[in-house]
Every structure is written in C-alpha cells, then in structure tokens.
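Reviewing the structure listed below.
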2 protein chains.
Amino acid sequence: MGRWEPNARGRLEEAALALYGERGYEQVTVAEIAARAGLTERTFFRHYADKREVLFAGSGLLREILVKGVAEAPASAAPIDVVAAALAGAGALLEERRELARARQVVIDANPELQEREVVKLATLATEVAGALRDRGVAEPAASLAAQTGIAVFRVAFESWVGDTGRRELPDIVRECFAELGTLI
Amino acid sequence: MGRWEPNARGRLEEAALALYGERGYEQVTVAEIAARAGLTERTFFRHYADKREVLFAGSGLLREILVKGVAEAPASAAPIDVVAAALAGAGALLEERRELARARQVVIDANPELQEREVVKLATLATEVAGALRDRGVAEPAASLAAQTGIAVFRVAFESWVGDTGRRELPDIVRECFAELGTLI
DNA sequence: ACCTCCATGTCAGTGACTGACATCAGCCTA
DNA sequence: TAGGCTGATGTCAGTCACTGACATGGAGGT
C-alpha cells in the first residue's frame, strides 16, 4: 500500500459535505476540512481549485453522460429531442445517487456562493451540449438554443425532484417538463 | 456641498472598468481601484459586496425593466410572448448604452470569475421574471419554464449582438431568436 | 542498492474581505 | 448660535482563501 491513506479526494469531498452540512459553508475553513480528511490545507488546494469546487467534482461525470448521449443519438432525431433524451439519461445518474444529491443540494441552497458555482456548472454543461449538437451537424443558433433551453428545462425538473418527497423519478420528471414546454410554445 | 466629492459609486465603477480593461481583472487590486477613485479600499467594500460586483451594479435597472414589462403586459398575452416583449424592452436599454455594454463584456469574457457572476445575475433575473409571471396568474411550472427559456434565448441574442460589428439592434435580434425558437419546437 | 517519481507536508507570503472605532461637514433643534 | 446627531469616509488590525518554493520519503523500476 501507499505511503498515505488512499482516496484523498473522496475523503476531502466527504469531509467537506459533512462539515458544510453541520455548520454551514461559511463557518467552515479549508484547514478544518483538510484536517478531518487527515490532510493539510495545501493538499486540499492541490485537488480543488477553490473551497467551492470540492462540492462539484461529480459534474464531470454528468458532462460525459450528456455529451455522449447527444453524440450517440439516432441521426434522424430532432435537436430538442436529442437534448431531452440525453438529459433524461443524466437524470438517471442522479436518481441513483439520490441521498448524496439531496444532502448536497441542501448545502448549496443555503449559500449564495455555492448557488453561483452551481449555476455556472449548468451553464458550462449547456455550452458543451451545444458543441455536441454542432458536431452532429446542427447549425447555430439552433444548437445553442436547443442546449440552453434544454438545460433550463432540466433545472426546473431537478428543482421539482429535489423538493419532492420522493415517489417520482427524475428521468420521468425531465420528460414531463419537456412535454409541458411543447404545449407552451 | 458635501465633505467629499459626490458620486463615489460612479467613480468606483468607472475606475474599476478602466483598470480591469487595461490590465485584466486579476491583475488589479481593490486598493488600486479605490485609489483611482480617490477613496480607500474599505470604502469600496462599503459600496460593493466584493471585487466583482462593481461591474454589475447596472443589473438592478435591468431587473426593474423586466419585472415592470411583465407586470404591465396585456392580460390576454401568452406567457412566452410576455417574456419576449419584456426582454426586447430590456434589450433597448442595453442598445442605448452600447459602448459601455461592450467594454464591460470584453472584460467579463476575459475572466472566468466574472463570467460566473454574470451567469448568476441572469439566473436571478430568470427567477424574478418567473415570480412576475406568477403574479399575473401563470401557474408553475409554466412560469419558470417560460422565464428560464426566455432568459436562455436572451443570452443567445445578447451574445450575437456583442459579437456583431454593429448594424443590427438588440431588441430586433431578441425577437428574431424567439421566432427561431418557435420553429425549433 | 540506487534512483526517480510524485503525492504530500511545511512555510512564508499576497490580497480579498470584515469588525471596531475615529473623524468631521452638514443638518436639526433648542 | 451652541451643541448634539447623522452618515459617509478613514484608519487599523485581523482572518482566511489561495499560491509559490522547497523539503520529505514510500513505491516502483533499473
């Protein structure tokens, strides 16, 4: 085995979520998170660019699923349907990690700085989905419009899912919201 | 007259935009902005919550125009059309301040932290537009969907306007993008 | 046995941001 | 007109996020 305990990143993420949940994001110092993970402050910043990022490590996986989902959709599908299907797939991932996703969201909803980062992550996802659509041959501004709109719909669906007590599953809610968008326009 | 030069906020905003433009956001300290405005660092933070916010003071005005536009739309109009019209009105405001808006956007586009804040401001606008729609009797999730979608369209239109060399006017571009969204869905 | 790698530790610094208290022109009131 | 109150600003000391430079020592290869 290694010189140090394995999975430093995982320990940092777990420690951060726990401490943020217990005392609130602002009341926790990076040094405390690192100490709880058995590491030093300096090491925290080698793994995460800043104090917020430790909560958003999972968004890379979401990105992969979305981009892959868009890329692998049947060539005949309309852009907005491609996006809707990919987002339903991403919803399935979150559905699997329901507990974690909710605990995380409670922390984020309690702090404006974290909300800021969350919104940015979603905007980044939209940009990347638009790029994946262009790779399929979708022209601008249709690609950006479909991607931005799709992410906007996903935000609404996610919010509903997190607030819900728990029967309905996220992929279903996503599909319902897209259907409702169709009736709006 | 007062004990100090008037319009401290205006001087701070002007100094910040100039310095950010000259040397880049990260290379400028708050103390330098304050000095250029003939003030101290502490006073800067009495006017703006943080170093970024000085670039976003105008978003309050945009908010008022949007919310007012939504509230005063004819009762018969469909939610998405109400949002489109309000956003075209907001576009007219930016069209008036074209020079300032462009200089500001150049600075923002050069720095991720500022992009972060910008995205948050837009998301906040979306939330407030949704609230204004609900005040008109629009139910959820239609209100949030129309608002989020509308802001998404506005982002696309604004981007096109800023990148454009200058003939087309923002309100027109906004209306065109909404039209194109209609053909997409 | 030696050497290189690399995740981590250590330490000193910069700069954003905050709380507590001081200052003092203008205004209000007696 | 004297005196007190207000509010925008200054001053100062402090915390903490974040960074650069250098040290350390197991693991794995040669």
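All heavy atoms count here, side chains included; hydrogens, waters and symmetry mates do not. Letters A, B, ... are given to chains in the order of the sequence lines, protein chains preceding strands, and every chain is numbered from 1.
For B:Gln27 and C:dG15, the CD to C1' distance is 12 Å, given to the nearest whole Å. If you take CD of A:Glu113 and C1' of C:dA16, they are 11 Å apart, rounded to a whole angstrom. Here D:dC18 presents its P atom at 17 Å from CG of A:Leu39, a figure rounded to the nearest Å. Rounded to an integer number of Å, the gap from CD of B:Glu32 to P of C:dT14 is 14 Å. Here C:dA16 presents its P atom at 11 Å from CD of B:Glu26, a figure rounded to the nearest Å. B:Asp50 places its CG atom 13 Å from the P atom of D:dC18, with the value rounded to the nearest Å. Rounding to whole angstrom units, OH of residue B:Tyr48 and P of C:dT18 are separated by 15 Å. Rounded to whole Å, the distance from NZ on A:Lys51 to C1' on C:dA16 is 13 Å.
Contact check, A:His47 against C:dA7: no side-chain N or O comes under 4.0 Å of OP1 or OP2. Contact annotation: A:Thr40 side-chain N/O to C:dG9 OP1/OP2 distance is under 4.0 Å.
Side-chain atoms of A:Arg46 and base atoms of C:dG9 include a donor and an acceptor less than 3.5 Å apart.
Each of A:Thr29 and A:Arg42 lies near DNA chain D, and the nucleotide nearest A:Thr29 is the one positioned closer to the 5' end.
Using cut-offs of 30° and 60° for the angle between ring planes, the A:Phe158 and A:Phe154 rings count as parallel.
Both the sub-6.0 Å distance and the 45° axial angle are satisfied by A:Arg104 relative to the ring of A:Phe56.
A salt bridge does not link B:Arg11 to B:Glu5: none of the charged nitrogens lies less than 4.0 Å from a carboxylate oxygen.
When each of D:dT9, C:dC17, D:dT19 is scored by its nearest atom to the side-chain atoms of B:Phe45, the top-ranked nucleotide is C:dC17.
Cluster annotation: A:Leu12 and A:Ile108 are assigned to the same hydrophobic cluster (Ile/Leu/Val/Met/Phe/Trp/Tyr, side-chain heavy-atom contacts under 4.5 Å, transitive). Both B:Leu184 and A:Leu184 are part of a single hydrophobic cluster, where members link through side-chain heavy atoms under 4.5 Å apart.
At a threshold of 4.0 angstrom between heavy atoms, the contacts of B:Ala31 with the nucleic acid are absent.
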